[in-house]
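Contents: one structure, followed by commentary.
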Amino acid sequence: MANALIALDHVTRTFQVKRQTIKAVDDLSLAINAGEIVCLVGESGCGKTTTGKMIAGVLPVSSGEILFRGEEISNLRGDAHKKFRLGVQMIHQDPYASLNPVRTVFDTIAAPLRHHHYTQTETATRKRVRELLELVDLTPPDDLLDKYPHQLSGGQRQRVSIARALTVNPAFIVADEAVSMVDVSIRISLLNTLSKLKTAMGLSVLFITHDLALAKYFAWEGRIGVMYLGRLVEIAPSRQLVEHPQHPYTQVLLSAIPEANPDVTRKKSRIELRSMDVPSLMRLPSGCAFHPRCPQFIGEICERVRPELTQANGARVACHLVEEKVTRGA
Ligand code: SF4
């Protein structure tokens, strides 16, 4: 954790809802290295977006620490704080809402370049804007410079958002459901652009999605973390998590991914949950929060004792059954 670019150390974030305190993120520890891709997946309400916002400094933590290059982010002041704010950029789900409708593409990208003095002259600004548009595969750039957000497709708007995030040479990108609002046909090409940028610029990416199929595609060389009701329940290198999922919830998510061929999907054995109802964060089940739905529920221990993340066959998993298997050497 000491050398990580971003490290979360026992981070919890609570909110007050109807006079009750709920934990949107509960005791999350996670380290992400320079150049690494980590995907966080899980159903809505699992805490993945709240995690992304805390990392980007948009939301403060309720307890625990987030370190950027070893420095606790809430302690940063002056230049160090500015370096953090520029170093960690967020790409949002809805590019239409995050772009100013009365600014052209050129103005949107030129504004941070001028504001942070990355370019000194108008000629240098125009040159850099064109370079950034080419980097995000918006070509030829001259065709787009004078367009407004409403004149662009959803995919083009998201590429402009990415180009704007890159103006300040970030080291870390939080991409929150960044491709879920664009047409399915464009998602893969956007992910390929993000992948290319990650390699070319040595970026670290935290990719947040509810879609495990997308996480698989984008983070095949990285890690996937699965969250459930505010807690990380399994994290492993992507290939391992997909081929040898250990937590029952991860197994359920993987069994629910549809295949391109509908015949294969129909024949695919799907793991049935004990209950289809997702518990509310306001009435969290005791012990393991997944126990009312878990198809592999092993009894009282699941109801009474909350499982902690422990090392299991190269992954970290929070499940009594997995712990038991590791102890037995099974
Ligand atoms: Fe299922 Fe028990 Fe493991 Fe929770 S701890 S995932 S209920 S087996």
Side-chain angles (χ1 to χ4, degrees), residues 8 10-14 20-30 38-51 64 208-213 215-216 219 223-258 268-330:
L8 286 78
H10 297 287
V11 166
T12 293
R13 171 69 205 196
T14 58
Q20 198 184 324
T21 304
I22 59 150
K23 285 183 179 170
V25 174
D26 185 7
D27 197 22
L28 176 61
S29 292
L30 173 69
V38 173
C39 277
L40 282 184
V41 298
E43 293 161 319
S44 63
C46 71
K48 53 192 191 310
T49 292
T50 303
T51 302
I208 294 167
T209 178
H210 63 279
D211 187 338
L212 192 47
K216 241 171 86 174
R223 286 182 294 156
I224 297 178
V226 179
M227 291 187 76
Y228 186 74
L229 292 176
R231 289 180 69 87
L232 193 58
V233 296
E234 179 164 7
I235 183 159
S238 305
R239 185 183 293 265
Q240 178 180 340
L241 185 126
V242 169
E243 291 174 358
H244 305 287
Q246 297 185 74
H247 195 282
Y249 179 57
T250 313
Q251 293 170 356
V252 169
L253 289 181
L254 282 164
S255 82
I257 296 179
K268 198 172 164 181
S269 62
R270 201 163 288 136
I271 303 172
E272 296 297 328
L273 289 161
R274 294 207 300 156
S275 159
M276 296 306 285
D277 297 332
V278 184
S280 157
L281 280 171
M282 295 176 77
R283 281 182 304 280
L284 268 186
S286 58
C288 170
F290 189 51
H291 88 253
R293 306 172 75 199
C294 179
Q296 298 185 56
F297 172 76
I298 52 170
E300 204 197 339
I301 189 170
C302 299
E303 289 172 339
R304 272 195 314 104
V305 184
R306 191 172 76 176
E308 298 300 330
L309 271 183
T310 47
Q311 292 291 341
N313 310 312
R316 288 196 297 148
V317 189
C319 170
H320 296 305
L321 178 64
V322 173
E323 231 178 298
E324 206 183 285
K325 283 185 188 163
V326 170
T327 312
R328 278 193 279 116

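Indexing begins at 1, ligand by ligand and atom by atom, following the structure's order.
Contact check for His291 versus Ser286: side-chain heavy atoms found under the 4.5 Å cut-off.
Judged by distance alone, the side chains of Gln296 and Gln251 do bring a donor and an acceptor atom under 3.5 Å apart.
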Anything under 3.5 Å between a donor and an acceptor, one on a side chain of residues 235-242, the other on a protein residue two or more places apart or in another chain? List them.
| unit_1 | atom_1 | unit_2 | atom_2 | d |
| --- | --- | --- | --- | --- |
| Ser238 | OG | Ala219 | O | 2.4 |
| Ser238 | OG | Gly222 | O | 3.1 |
| Gln240 | NE2 | Asn313 | O | 2.5 |

Show me, pair by pair, the donor-acceptor contacts under 3.5 angstrom made by side chains of residues 301-308, not counting sequence neighbours?
| unit_1 | atom_1 | unit_2 | atom_2 | d |
| --- | --- | --- | --- | --- |
| Arg304 | NE | Glu300 | OE2 | 2.9 |
| Arg306 | NH1 | Asp26 | OD2 | 3.0 |
| Glu308 | OE1 | Arg231 | NH2 | 3.3 |

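Between Arg293 and Glu43 a salt bridge is recorded (basic side-chain N to carboxylate O distance below 4.0 Å).
Excluding waters, the protein N/O/S atoms found under 2.8 Å from atom 1 (Fe) of ligand 1 are Cys294 SG.
With sequence neighbours left out, Glu243 forms a salt bridge (charged side-chain N to carboxylate O under 4.0 Å, His left out) with no residue at all.
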